[in-house]
Amino acid sequence: MSLTYPPRIHMARLPTPLQPLDRITEKFSTPHGGPRIWVKRDDLTETAMSGNKLRKLEFIAGVAKEQGCDTLITCGGVQSNHCRTTALVGARLGLRVQLILRGEEEQVPDGNLLVDYLAGASAAFYPARQYFAELDKLFAHWRDFYAQRGHKALCIPTGGSDGLGVWGYICGAEELLADCREQGFEPEHIICATGSGGTQAGLTLGCHLLGSRAQVTGYAVCDNAEYFQRKVRDDIEQWREAGNTLPDAGKLNIQVNDGYIGPGYAEADETVYRAIAEAAGQEGLLLDPVYTGKAFAGLLQELHRGCYHDTENLVFVHTGGQFGLFPHREKFSFLL
Ligand SMILES: *Cc1c(COP(=O)(O)O)cnc(C)c1O
């Protein structure tokens, strides 16, 4: 079926490369074999705006423009990649950006937060308890704040994950499947890190709409499988309610692996930091500790257990996050 995309502002450099990880493939193949591992380089969607959020924001910015908004409001952790990308998109398009951040203001801004400031975004900080309890109120507060000053704001939910943001990875799935076709294979498995669900929702829906037999699995970095089952389904349902047709809804296959979350969101044990070193040292690939490193560490352990031994081709989607690596610098003492 051919897809009809909504209005969109092109900012990402697409298509991103699809690369084989030959050394890791060899190292992690078991006596029973194992898949050829590929990586979809969505860390290369742009330089400063790198990562998966830019794909969603192309469609979100399309709506902002259509609605005549001059301000974007969004939320996330202090080191949110989504907030950093939104801050830069705002700068690029001449839109004001207000960030609602969970956590304490860093005395010396690092990583993503430094980039938020460079991009000229305004940031308000809230303790985690208040943030989770009052997020809707905080959005309403800031929307009113800008309205009183004559500005029209678009509120973007966590991670840009909703029925609109999902278009980013419907499009991403179409691109990824075309890349694979060009390389002469159809992937059996597509793996991504799941944090707010929109990437997984888009990949799952895109593969479903395009008739691919690829199994999309999100490796959760927080919450649990039940939560993301529901969240991914909700995003897809919102997409459908916006007037899109979802054939064979009963056949949607939503798979979440919640076995590798570790201590919690943005907290990791040494396995994750070692997997990051492995990817850098074996393949020259830079992963982050919050999302891609955690998911990749999980994938390596599943490979080691022989879970994908009857698979020929597996694609790991590198969703970006490099700026989030440096604030974790102290965890890499094992390298010295
Ligand atoms: C946000 C993010 C994810 C998770 O994507 P969701 O759509 O929020 O599930 C994965 N990797 C990186 C680097 C991210 O910033």
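Counting convention: from 1, in listed order, for ligands and their atoms alike. From a predicted model like this one, the values you see are computed outputs, not experimental measurements.
- Side chains of Met11 and Leu93 form a contact here, defined as non-hydrogen atoms less than 4.5 Å apart.
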- [ ] Carefully, step by step, assess Trp167 and Tyr5 under the rule ring pair (Phe, Tyr, Trp, His ring centres under 6.0 Å).
- [x] CA-CA 7 Å; Trp167 279 110; Tyr5 290 101; 5.4 Å; yes
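- Near Ser161, meaning under 4.0 Å from one of its heavy atoms, ligand 1 places the atoms 7 (O).
- Here His82 has no heavy atoms under 4.0 Å from ligand 1, in either its backbone or its side chain.
- You'll find the side chain of Ser196 reaches within 4.5 Å of the side chain of Lys56, heavy atoms only.
- Among all non-hydrogen protein atoms, the one lying nearest atom 5 (O) of ligand 1 is Asn52 ND2, 3.0 Å.
- For Gly159, the closest heavy-atom approach to ligand 1 does not fall below 4.0 Å.
- Side-chain atoms of Thr194 and Gln200 form a donor-acceptor pair, as typed in the model, at a separation below 3.5 Å.
- Set against the non-hydrogen atoms of Lys56, the atoms of ligand 1 under 4.0 Å away are 6 (P), 7 (O), 8 (O).
- For ligand 1, the atoms sitting less than 4.0 Å from at least one non-hydrogen atom of Asn81 are 13 (C), 14 (C), 15 (O), numbered in the order shown with element in parentheses.
- If you number the atoms of ligand 1 from 1 as listed, the ones under 4.0 Å from a heavy atom of Gly198 come out as 7 (O), 9 (O).
- By the 3.5 Å distance cut-off applied to N or O atoms, Asp288 is not counted among the residues near ligand 1.
- A cation-pi arrangement is found for Lys53 relative to Tyr291, the charged atom lying closer than 6.0 Å to the ring centre and inside a 45° cone about the ring normal.
- Between Glu26 and Arg23 there is no salt bridge, since no side-chain nitrogen of the basic residue lies less than 4.0 Å from a carboxylate oxygen of the acidic one.
- The two atoms that bring Cys192 and Val317 nearest to each other are CB-CB, 4.3 Å, heavy atoms only.
- Scanning the protein for heavy atoms near atom 10 (C) of ligand 1, the closest one is Thr319 OG1, 3.1 Å.
- Salt-bridge formation is detected for the pair Glu46/Arg13: a Lys NZ or Arg NE/NH1/NH2 atom is positioned less than 4.0 Å from an Asp or Glu carboxylate oxygen.
- In this structure, Arg84 and Ser50 have side chains that are in contact, with non-hydrogen atoms separated by less than 4.5 Å.
- Under the 4.0 angstrom criterion for non-hydrogen atoms, Gly320 is in contact with ligand 1.
- Neither the backbone nor the side chain of Ser80 comes within 4.0 Å of ligand 1, counting heavy atoms alone.
- Between Gln79, Lys231, Lys53, it is Lys53 that holds the heavy atom closest to atom 2 (C) of ligand 1.
- Cation-pi geometry between Arg329 and Phe332 is not met at under 6.0 angstrom from the ring centre and within 45 degrees of the axis.
- Atom 8 (O) of ligand 1 has as its closest protein heavy atom Ser196 OG, 2.5 Å.
- Annotation: Thr194 places no N or O atom under 3.5 Å from an N or O atom of ligand 1; distance criterion only.
- Less than 4.0 angstrom separates some heavy atom of Gly321 from each of these atoms of ligand 1: 13 (C).
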